[in-house]
Amino acid sequence: MSLDEIRTRIARAEGKAGRAPGSVRLIAVSKVQPNERVEAVLDQGHRIFGENRVQEAAGKWPAFRERYDGIELHLIGPLQTNKARQAMELVDAIHSIDRSKLARTVARLAQEIGRCPDLFIQVNTGEEEQKAGVMPDEVDAFVAECRDLDLPIRGLMCIPPVDEEPSLHFALLAKIAARNGLEGLSMGMSGDFETAVALGATHVRVGSAIFGERVKPEG
Ligand SMILES: *Cc1c(COP(=O)(O)O)cnc(C)c1O
């Protein structure tokens, strides 16, 4: 698939769901992709990208930012507190706020740095033991805690279990967001972004469908 095809499919899904054209932001997930593939997408005019790891993002995006204007970078992978400062200085949004300690660290650093990326709370909608994210029944309290810390929480994010129907998880995330007055919904990947758009996604995170299969293993 190509970037154009993905954009077309998102537009079609927006239309079908009766949503305004352009209401969904496409985050092109460039983790472990070779630079020439990322450049090809930049050269087609795309500017919103997602990375999984702070280290990798720090190694590749400052140079791209010197060459291309208007890049918006999203951290979509897990964040350790000792990498929080580096992440906050590098990215425009963090989708993986998932625990009190991290929330408090980000709040303190935001005071020091004088700015804070847009934040999304990651929700473990499948209640999977090995997966990051706040449990569904703990989200309301965590949102309140983050608001007490004056954090700019824009929405919620989820990664559904691989072997389950994603629409159930997207609908659950949308429901939790609505009752907390949050507008952002970061959900949907290469295999299910149209379903996510139908259920209200504001940000879809699409990697392999744009760039092709990842060439190096993740880790
Ligand atoms: C890798 C990744 C994606 C993109 O996955 P694809 O299936 O390649 O589209 C989306 N979200 C997160 C959190 C990821 O780590």
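Start at 1 and go down the list; that is how both ligands and their atoms are numbered.
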Check salt bridge (charged side-chain N to carboxylate O under 4.0 Å, His left out) between Glu14 and all other residues, then give those that pass, not counting sequence neighbours.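 With neighbours one apart ignored, the set is empty.
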
Check if Arg214 has a non-hydrogen atom at a distance under 4.0 Å from any atom of ligand 1. yes

Run the numbers for me: atoms of ligand 1, each under 4.0 Å from some heavy atom of [X], listed by number.
X	result
Ile159	13 (C)
Val206	9 (O)
Asn52	14 (C), 15 (O)
Ser208	6 (P), 7 (O), 8 (O), 9 (O)
Ile76	11 (N), 12 (C), 13 (C), 14 (C)

Do Met135 and Met187 land in one hydrophobic cluster if side-chain heavy atoms of ILVMFWY residues count as linked below 4.5 Å? no

Mind checking whether Ile10 and Val29 sit in one hydrophobic cluster, side chains of I, L, V, M, F, W, Y counted as touching below 4.5 Å?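 Cluster IDs for Ile10 and Val29 differ.
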
Run down the list Lys31, Met189, Glu51 and name the one with the heavy atom closest to atom 2 (C) of ligand 1.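 Selected option, by shortest heavy-atom distance: Lys31.
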
Determine, using ring centers only, whether His203 and Phe120 are less than 6.0 Å apart.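 Close enough - the centres of the two rings lie under 6.0 Å apart.
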
Quick test of your reading: applying side-chain hydrogen bond (donor to acceptor under 3.5 Å, both in side chains), list the pairs with at least one residue in residues 17-26, sequence neighbours left out, ordered by first then second residue.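 For residues 17-26: Arg25-Glu72.
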
Please lay out, stage by stage, how Lys83 and Gln86 fare under the test side-chain hydrogen bond (donor to acceptor under 3.5 Å, both in side chains). CA-CA 5 Å; Lys83 300 253 172 66; Gln86 193 183 9; over 6 Å; no

Do any nitrogen or oxygen atoms of Met157 lie less than 3.5 angstrom from nitrogen or oxygen atoms of ligand 1? no

